[in-house]
Amino acid sequence: MSVVVVGSANLDLVYRVERIPSPGETVLALGSDSAPGGKGNNQVIAAARAGAPSAFVVALGRDAAAERLIASLADAGVDLRARRVGAPTGTAIITVDDGAENAIVVDSGANGMLDGLDQAERDLVAAADVLLLQLETPLATVAEAAAVAHAAGTTVVLNAAPIRSLPTALLGDVDVLVVNEHEAAHLAAELSGEPVHDASGEDLAGVLSRLGLAVIVTLGAQGAVVRVPDEPPAHVAGLRVQAVDTTGAGDTFCGALVAELDRRRGPAERPGRTAGARPDLGTLVRAAEFATVAAALSVQRAGAVPSIPTLEEIHDFHSAS
Ligand code: RIB
């Protein structure tokens, strides 16, 4: 059993503010910090901390930020397949307000140089049980990884964040799409060619599942909707917690989700597996419940990587709630 993440890593520069500045406005920070982040990096650490043997294909610079990210990934037990490239490691400027909301600007740097996969990386992806992708790296590489995995029978999970236009061919290689409501509305509008206003998470999941893939729309404190084509929607309840910082909560959800899918898929399915490996509705719902607990734990702590819970913490919270 194993998870592979192909994606981004950033050093997050985090500023705590009373409120996120409006356009043209300057505000004074209440404090600041830096910590490992980036959607791919957060997701692979979430998968590893949730108990899945996890590998990470990423591009990093040759700088101090990269050394910090490498140390943090080693600490989480991630099998790191890093390319060191001639661009600075990615950075993100993050403002977090008193209401735990955030606004993020990413300078991609080295992430933009994750250009295509080499043979060793293709072999790694093909041998994985679950591949997890996001959209902070070149789309051609995301599509290539999905195609290699799909042909090998690896379950392909795409977190379509941040919002970008997607090639339709990419979605044909995806088994499970994970999006929040904003991302879901954007994709639904793009696919239907019309703006989508005031649609519920359930409606959006219904529209997107017509692509023939499973869809999970995350709804923050309201939980998530899980939809598999030709089946009724299922709801996963949210958990009541006191949020201090939602940065990385979606990444924690995705990483924990794939760790649980990997566990539930099991070694028995490996021999002779065929192309495409979409989990059934029941498996997706159980995995989304597990991921919801992990995300609820993460929002109670500051930062992206520092807030990601361990398997033990997830189990303890599960049995106490
Ligand atoms: O999803 C949160 C992440 O988005 C941050 O860690 C930041 O680096 C950006 O990639």
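We count ligands from 1, going down the list as the structure has it; atoms in each ligand are counted the same way.
When hydrogens are left out, the protein atom nearest atom 4 (O) of ligand 1 is Lys39 NZ, 3.2 Å; that is the closest non-hydrogen contact. Looking at atom 2 (C) of ligand 1, its nearest protein heavy atom turns out to be Asp251 OD2, 3.3 Å. For atom 5 (C) of ligand 1, the nearest protein heavy atom (residue, atom name, distance) is Asp12 OD2, 3.4 Å.
Tested against Leu158 for a side-chain contact (heavy atoms from CB on, under 4.5 Å), the candidates Val176, Leu171, Val178 yield a single pass: Leu171.
Not a single heavy atom of Gly250 sits closer than 4.0 Å to an atom of ligand 1.
Listed by number with element, the atoms of ligand 1 under 4.0 Å from a non-hydrogen atom of Gly37 are 6 (O), 8 (O). Interface of Ala304 with ligand 1, defined as ligand atoms under 4.0 Å from a residue heavy atom, comprises 6 (O).
Under 4.0 Å is where a charged nitrogen must lie from a carboxylate oxygen, and between Glu202 and Arg227 no such pair does.
A cation-pi arrangement is absent between Arg264 and Phe290 under the rule of less than 6.0 angstrom and at most 45 degrees off the ring axis.
The hydrophobic cluster containing Met113 also includes Val85, under a criterion of side-chain heavy atoms closer than 4.5 Å among ILVMFWY residues, counted directly or through chains of members.
Close N/O approach between Thr247 and ligand 1 is not found [any backbone or side-chain N/O within under 3.5 Å]. Not a single N or O atom of Ala92, backbone or side chain, sits closer than 3.5 Å to an N or O atom of ligand 1.
Counting heavy atoms closer than 4.0 Å to ligand 1, residue Asn41 contributes nothing at all.
At distances below 3.5 Å, at least one donor-acceptor pair connects side-chain atoms of Asp63 with backbone N or O atoms of Thr89. Proximity of a side-chain donor or acceptor of Arg81 to a complementary backbone N or O of Ala120 within less than 3.5 Å is not detected.
Closest approach of Thr91 and Asn10 over heavy atoms only: N-OD1, 3.8 Å.
Of all the listed residues (Gln134, Glu136, Gln43), Glu136 holds the heavy atom that lies closest to atom 9 (C) of ligand 1.
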